[in-house]
Asker: 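Structure incoming, see below.
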Amino acid sequence: MGQNNTSSPISSSTSPSATDTACVHGRGPEKKPYDAVPTPIVLSATYTFANTAELRDHFEGRVDREEYGRYGNPTVRAAEKTLAALEGAGDAALFGSGMAAITTSLFAMLKAGDHVVMTSDCYRRTRQFVEKTLARFGVVSTLVPPGDLDALGSAIVPGKTRVVFTETPTNPYLRVADIPAVVAVAKKHRGVKVLVDATFATPVNLRALSHGADLVLHAGTKYLGGHNDLLAGAVCGDDGLVSAIRDARSVLGGILDPHAAYLLERGMKTLGLRVGRQNETGLRIARFLEAHPGVRQVHYPGLASHPDHALATRLLAGFGGVVTFRVNSDLEGTSRFIDACRLATIAPSLGGVETLIEQPALMSYYELSTEERLALGIPEDLVRLAVGVESAADIEADLDRALRETIP
Ligand SMILES: *Cc1c(COP(=O)(O)O)cnc(C)c1O
């Protein structure tokens with residue numbers, strides 16, 4: 001990118017090459033301090049004004065500059081611009097965690113008496129926030145099953161519903177939301193905004209805004225950061241909505257630390273490369289597992305056996321790096337299989353360079369009985385694998401050996 005080239009090199013195309021360029025140059029051509037190549041980490045809680053005239057210029061909007069750390073930071077801003085370019089959004093705002101992005105956005109958009117419609121397989125903590133926390137502030141909600149557009153349509157209360165919140169693909173069954181159809185149903189009513197948590201999709205596999213969503217949210221902790229070394233959250237959308245959410249962030253205080261913002265921008269530079277690889281490995285491992293005698297069932301949107309396969313093929317550029325499957329065993333046998341994996345290590349989370357594995361019955365649903373877990377659709381033989389960027393052949397060999405050693 002030339003110094004005198006003031007226009008952004010990013011085209012609006014969603015082709016992989018344009019995405020890869022946006023990953024590296026999305027922050028824009030602005031010259032960096034000391035002619036540094038990467039964005040410097042600016043550690044300043046507050047910013048000096050030369051005189052009170054400069055202060056007046058700032059508050060009267062004649063200059064665009066920093067003021068105080070809770071209102072903005074140049075390192076955070078660079079990462080926000082990169083993500084906005086990747087999502088094709090007018091603007092993006094970053095937060096200290098995915099949950100901070102979700103809770104701040106919803107607090108900014110809702111008031112007592114409003115109603116939220118949410119798909120029932122959204123992230124557990126998001127549901128908890130909507131059903132429990134927002135309820136204490138007089139916001140009511142209705143959960144609808146994923147993929148049921150009729151239920152979605154009838155759940156909307158004209159004049160009351162302000163937000164339709166969905167997620168895609170979801171955990172652990174990787175259900176894919178028909179975003180254009182959800183938008184069509186929601187937009188029959190005035191004043192309804194569609195929010196999409198696209199953490200599992202990433203902007204590499206889905207540009208939800210181009211399908212009519214109003215806001216896209218991410219746990220930057222997962223693929224965007226990509227190295228299991230930071231927590232971050234993001235919201236992307238048009239300038240007006242994001243600016244209102246940024247104002248709420250200034251009040252609620254869930255900002256991203258500049259160190260984490262640096263790591264996030266650095267992580268996003270390889271997002272296209274990493275997610276491209278994770279898409280390929282995810283599909284290969286899903287096919288391998290589906291053909292394996294030790295495996296009962298595989299849930300992966302890239303397989304013809306998945307209920308949303310056609311939808312995923314139409315809407316997603318790749319099927320992602322998470323593969324969920326059931327082994328031919330019980331709670332204990334499934335644990336023995338997971339313990340026998342050497343390359344895949346046990347941890348919650350996904351989207352990083354390291355392959356992680358978990359048994360949902362023991363992780364998010366530990367305190368429940370077998371019956372209670374089954375009622376929630378979580379059998380004890382369920383395994384969630386989140387592939388990293390290691391050799392796909394090595395991941396496959398590790399799973400194959402562990403299955404043969406532990407599943408008779
Ligand atoms: C992890 C996750 C979150 C929460 O992100 P944190 O950074 O852990 O707060 C929200 N939504 C989805 C889909 C997630 O996977």
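As the structure lists them, so they are numbered: ligands from 1, and atoms in each ligand from 1. The chain is numbered in sequence order, starting from 1.
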Asker: Check the surroundings of atom CZ in Phe49: do more than 12 heavy atoms from other residues, nucleotides or ligands lie under 6.0 Å from it?
Answerer: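 Correct, the count exceeds 12.
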Asker: Looking at Glu372, I'd like to know if its CD atom is crowded, meaning that more than 12 non-hydrogen atoms belonging to other residues, nucleotides or ligands lie closer than 6.0 Å.
Answerer: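 Yes.
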Asker: Is the number of heavy atoms from other residues, nucleotides or ligands within 6.0 Å of CZ (Arg125) greater than 12?
Answerer: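 No - once you tally the heavy atoms of other residues, nucleotides and ligands closer than 6.0 Å, there are 12 at most.
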Asker: Using a 4.0 Å cut-off to any heavy atom of Phe200, which atoms of ligand 1 qualify?
Answerer: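 Close to Phe200: 15 (O).
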Asker: At what distance is the nearest protein heavy atom to atom 4 (C) of ligand 1, and which residue and atom is it?
Answerer: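 Scanning the protein heavy atoms, the shortest distance from atom 4 (C) of ligand 1 goes to Tyr123 CE2, 3.6 Å.
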Asker: For ligand 1, which atoms have a heavy atom of Ser97 less than 4.0 angstrom away?
Answerer: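 Answer, ordered by atom number: 7 (O), 9 (O).
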Asker: Ligand 1 and Met99, any nitrogen or oxygen pair closer than 3.5 angstrom?
Answerer: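 Indeed, backbone or side chain, Met99 has an N or O that close.
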Asker: Pairs of nitrogen or oxygen atoms closer than 3.5 Å, one from Thr221 and one from ligand 1: do any exist?
Answerer: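 Yes, since at least one N or O of Thr221 sits under 3.5 Å from an N or O of ligand 1.
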Asker: Take atom CZ in Arg287; do more than 12 heavy atoms of anything else shown fall under 6.0 Å from it?
Answerer: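 Open: at most 12 neighbouring heavy atoms sit under 6.0 Å from CZ of Arg287.
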Asker: Would you mind listing which atoms of ligand 1 come within a distance below 4.0 Å of any non-hydrogen atom of Lys222?
Answerer: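 Checking each atom against Lys222, I get 1 (C), 2 (C), 3 (C), 14 (C), 15 (O).
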Asker: Within a reach of under 6.0 Å around NZ of Lys160, are more than 12 heavy atoms found that belong to other residues, nucleotides or ligands?
Answerer: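 Check fails, neighbour count at 12 or below.
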Asker: May I ask you to identify the nearest protein heavy atom to atom 6 (P) of ligand 1, giving residue, atom name and distance to one decimal place in Å?
Answerer: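 Ranking protein heavy atoms by distance from atom 6 (P) of ligand 1, first comes Gly98 N, 3.3 Å.
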Asker: What are the atoms of ligand 1, with element, lying closer than 4.0 Å to any heavy atom of Ala219?
Answerer: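 It comes down to these atoms of ligand 1: 1 (C), 2 (C), 3 (C), 4 (C), 5 (O).
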Asker: Taking the side chain as C-beta and beyond, is there a heavy-atom pair between Asp400 and His292 under 4.5 Å?
Answerer: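 Counting from C-beta outward, Asp400 and His292 do come under 4.5 Å.
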Asker: Go through ligand 1 atom by atom and flag the ones less than 4.0 Å from a non-hydrogen atom of Glu167.
Answerer: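 That gives atoms 13 (C) of ligand 1.
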Asker: Among all protein heavy atoms in this structure, tell me which lies nearest to atom 12 (C) of ligand 1, with the distance rounded to 0.1 Å.
Answerer: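 Going by distance alone, atom 12 (C) of ligand 1 is nearest to Asp197 OD2, 3.5 Å.
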Asker: Surrounding CZ of Arg127 (heavy atoms of other residues, nucleotides or ligands, distance under 6.0 Å), is the total greater than 12?
Answerer: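 Atom CZ in Arg127 is crowded, with more than 12 foreign heavy atoms closer than 6.0 Å.
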